[in-house]
Engineer: 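Below is one structure. I have some questions about it.
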Amino acid sequence: MTETLPLIPYPSGAVAMLSGSFSPPSQLSVVADPYFDTSQVLFYVREYLGMEVQEGEQSPNLIIAKAVDAMDEQAYRLEVFDQGCKIEAKSLQGVFYAVQTLRQLFLAYPSAIPCCRIEDKPALRWRAFMLDTARSFCPVGEVKRIIDIIASFKMNVLHLHLSDDQGWRIASDNYPKLGEEESGRYSKLEIRDLVAYAQNRHIMIVPEIDMPGHFTAALASYPALSCTGGPFTIPKGEGIFSDILCAGKDEALSFVKHLIEETASLFPAPYIHLGGDEIPLDRWVDCPDCRKRRKALGLSDEKALLRWFCNEMTSYARSLGKQVILYNDYVDQAYDETIITQVWNPLLEMTKSAHQIIMSDYFHTYLDMDHTLLPLPVVYRYGKQLQTQKYSSLLGAEFMLWTEHIATKEQRDLHLLPRLVAGAESFWTEHEQHDYHRFVNTFAKYGSAYLPSDAHITPKKLWNTFFIVSALARYKRRRRVKRNSRKAGIMLS
Ligand SMILES: [Zn+2]
């Protein structure tokens with residue numbers, strides 16, 4: 001059989017179609033190797049296959065076995081035969097991904113799933129989505145919905161941008177005024193709830209507290225932490241603002257260390273993102289405290305002071321068991337070598353040091369951009385580009401949603417869908433198996449079934465819209481038509 005299974009992301013390994021089909025009964029009897037946490041396995045089956053489940057039957061129709069061969073921790077093997085299905089994996093995460101594949105097969109073939117054997121594993125280990133909750137607050141229920149979406153397409157990291165000039169979105173015990181007057185912030189209880197929800201779906205939440213720039217919202221509550229003393233008002237709309245955290249005042253440094261500690265204790269991920277992007281250093285030049293600090297440390301200029309600040313915070317975070325991620329604006333060889341650099345601006349010189357990198361360049365991953373500027377095929381190609389460039393220190397990649405102009409669920413969905421789904425396939429699937437037309441056909445037919453029923457999906461006519469691409473295509477088409485009609489004319493005459 002040559003049927004192409006309608007799976008997103010498409011499997012990286014071999015897909016073999018076998019003869020026959022499996023008709024799912026109304027109740028699945030499941031047998032799982034005791035190596036796996038049975039309650040988790042049963043949760044996946046109930047939650048994602050929407051089926052009644054029985055345990056330990058004589059003739060099971062879902063068998064979950066521990067893989068005995070050398071298999072990637074995130075990999076799985078799935079076989080559908082006429083009496084049922086068998087999943088093999090090394091970890092619960094692998095079982096979870098197999099269930100996601102099975103879920104799509106159950107949805108695409110509600111009465112009879114064609115028998116098949118699938119080998120699958122991710123091409124990139126870190127498949128992330130960044131949600132800016134600072135510019136526009138995203139309620140907990142909505143974040144959970146986004147977790148559901150990314151988990152069902154096998155992404156595994158949610159990077160939450162929790163603070164910026166325009167908003168502070170996480171409650172602090174030490175500094176209760178943070179985010180107090182904002183249009184929304186997460187309580188610690190809500191964060192713990194979100195983390196648990198994400199963990200159950202194999203999503204790691206990486207928190208970001210952006211510093212020392214993009215800090216106006218914090219300075220509006222605590223103006224004494226700035227170089228000038230304020231007062232400050234929280235700005236509306238986008239921009240880069242000159243008032244940043246003072247690097248000279250001891251209380252400003254202990255403020256951010258307390259925040260790092262509070263954040264680190266809330267999120268179990270071994271990573272913390274400290275931003276470090278777009279920092280105008282003019283205030284530090286004029287500030288007597290910053291000048292004093294620079295002199296005391298023997299630093300040549302404000303850039304050196306920034307490097308000292310980032311290294312200081314990195315070693316503090318490390319003492320709490322966390323590895324720091326920074327955007328690539330300033331990171332150079334003199335920055336702590338444990339820092340992971342997130343490359344958002346591909347025009348800046350790439351770090352030649354030992355830093356690990358996360359790729360999220362704005363030409364390919366900024367999903368807040370209009371579909372006409374960042375069309376679906378460009379997003380889809382990004383994973384292949386990353387997989388074939390052979391970076392020596394690539395940790396993974398992210399898609400980004402900045403929200404200065406995106407405030408509602410509908411606006412978020414229309415920016416994300418289907419681009420984020422295409423991106424998820426381009427990160428998961430080995431590039432040899434990438435096929436844009438297969439993806440578009442599968443998404444057009446089954447995308448709305450695989451997504452929540454209330455999802456807003458950008459109409460198909462907009463997916464490919466790109467003025468240069470479409471202008472080129474039109475030009476080529478016109479030339480082809482001319483050439484063909486000329487040929488036809490010659491043949492006719
Ligand atoms: Zn200062």
Engineer: In this structure, are over 12 heavy atoms from other groups packed under 6.0 Å from E337 atom CD?
Structural biologist: no
Engineer: Of all the heavy-atom pairs spanning K460 and A444, show the shortest one and how long it is.
Structural biologist: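 Answer, listing the atom of K460 first, then A444: NZ-CB, 4.3 Å.
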Engineer: Kindly say whether S163 contributes a backbone atom to a donor-acceptor pair with the side chain of H161 at under 3.5 angstrom?
Structural biologist: yes
Engineer: Does the plane of the ring in Y362 sit parallel, tilted or perpendicular to the ring in W344? Use 30° and 60° as the thresholds.
Structural biologist: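 Y362 and W344: tilted rings.
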Engineer: Students often mix this up, so state it plainly: with edges at 30° and 60°, are the rings of Y446 and Y450 parallel, tilted or perpendicular?
Structural biologist: parallel
Engineer: Keeping R135 on the side-chain end and T403 on the backbone end, is there a donor-acceptor pair under 3.5 Å?
Structural biologist: no
Engineer: Between Y10 and R438, is there a cation-pi geometry (under 6.0 Å to ring centre, at most 45° from the normal)?
Structural biologist: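 The answer is yes; both the distance and angle limits are met.
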Engineer: Under 3.5 Å, is there a donor-acceptor pair between the side chain of H371 and the main chain of L414?
Structural biologist: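 Flag set: sc H371 to bb L414 pair under 3.5 Å.
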Engineer: If you measure from CG on L274 to CE on M313, what distance do you get to the nearest 0.5 Å?
Structural biologist: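 Result: 8.5 Å between the selected atoms.
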Engineer: Of all the heavy-atom pairs spanning G94 and A89, show the shortest one and how long it is.
Structural biologist: C-CB, 3.8 Å
Engineer: I'd like to know if the side chain of D210 and the backbone of G276 have a donor-acceptor N/O pair within less than 3.5 Å.
Structural biologist: yes
Engineer: Applying side-chain contact (heavy atoms from CB on, under 4.5 Å) between I150 and each of I203, V421, L416, report the one that passes.
Structural biologist: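 Of all the options given, the one that passes is I203.
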Engineer: Could you tell me how the ring of F427 sits relative to the ring of Y382: parallel (under 30°), tilted (30 to 60°) or perpendicular (over 60°)?
Structural biologist: tilted
Engineer: With no hydrogens and no angle check, do the side chains of Y76 and Q100 hold a donor and an acceptor under 3.5 Å apart?
Structural biologist: no
Engineer: Going by the ring pair (Phe, Tyr, Trp, His ring centres under 6.0 Å) test, name the single residue among F153, W463, Y380 that passes it with F443.
Structural biologist: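 The ring pair (Phe, Tyr, Trp, His ring centres under 6.0 Å) with F443 is passed solely by W463 among F153, W463, Y380.
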Engineer: So if I apply the ring pair (Phe, Tyr, Trp, His ring centres under 6.0 Å) rule between W428 and each of W126, Y97, F439, which one comes out positive?
Structural biologist: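 With W428 as partner, ring pair (Phe, Tyr, Trp, His ring centres under 6.0 Å) holds for just one option, Y97.
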Engineer: Quick check: does any side chain N or O of S12 sit under 3.5 Å from a backbone N or O of E430, one acting as donor and the other as acceptor?
Structural biologist: yes
Engineer: Hey, what do you get for CE (M400) to CG (D368), rounding to the nearest 0.5 Å?
Structural biologist: 9.0 Å
Engineer: In a check of side-chain hydrogen bond (donor to acceptor under 3.5 Å, both in side chains) between S360 and each of E398, H159, Q342, which one passes?
Structural biologist: Q342
Engineer: What are the two closest non-hydrogen atoms of E425 and H434, and how far apart are they?
Structural biologist: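 In terms of heavy atoms, the two residues are closest at O-NE2, 3.9 Å.
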Engineer: Using atom types as modelled and distance alone, determine if a side-chain donor or acceptor of N156 lies under 3.5 Å from a backbone N or O of R125.
Structural biologist: yes
Engineer: Taking atom NZ as the centre, does K121 end up with more than 12 heavy-atom neighbours from other residues, nucleotides or ligands that are less than 6.0 angstrom away?
Structural biologist: no
Engineer: Between H431 and K384, which heavy-atom pair has the shortest distance, and what is it?
Structural biologist: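 Scanning both residues, the minimum pair turns out to be CB-CG, 3.6 Å.
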Engineer: Could you check, using the six-membered ring where one of them is a Trp, whether Y175 and W168 have ring centers closer than 6.0 angstrom?
Structural biologist: no
Engineer: Verify the neighbour count for atom NZ of K292: are there more than 12 heavy atoms of other residues, nucleotides or ligands below 6.0 Å?
Structural biologist: no
Engineer: When you look at NZ of K409, are more than 12 heavy atoms from neighbouring residues, nucleotides or ligands closer to it than 6.0 Å?
Structural biologist: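 Yes, the 6.0 Å shell around NZ holds more than 12 heavy atoms from other groups.
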Engineer: Below 30° counts as parallel, above 60° as perpendicular, anything between as tilted: where do the rings of Y222 and F255 land?
Structural biologist: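 Ring orientation, 0 to 90° scale: tilted.
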Engineer: Among I191, L194, I272, which residue meets the side-chain contact (heavy atoms from CB on, under 4.5 Å) test with F267?
Structural biologist: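 In the set I191, L194, I272, the residue that makes a side-chain contact (heavy atoms from CB on, under 4.5 Å) with F267 is I191.
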Engineer: Only pairs at least two apart or in different chains count here, so list each ring pair (Phe, Tyr, Trp, His ring centres under 6.0 Å) that has a residue in residues 178-206.
Structural biologist: Y44-H202, F96-H202, F137-Y186
Engineer: Measure across S221 and G179 and return the closest heavy-atom pair with its distance rounded to 0.1 Å.
Structural biologist: OG-N, 4.3 Å
Engineer: So, for A424 and P9, which heavy atoms are closest and what is the spacing to 0.1 Å?
Structural biologist: O-CB, 4.3 Å
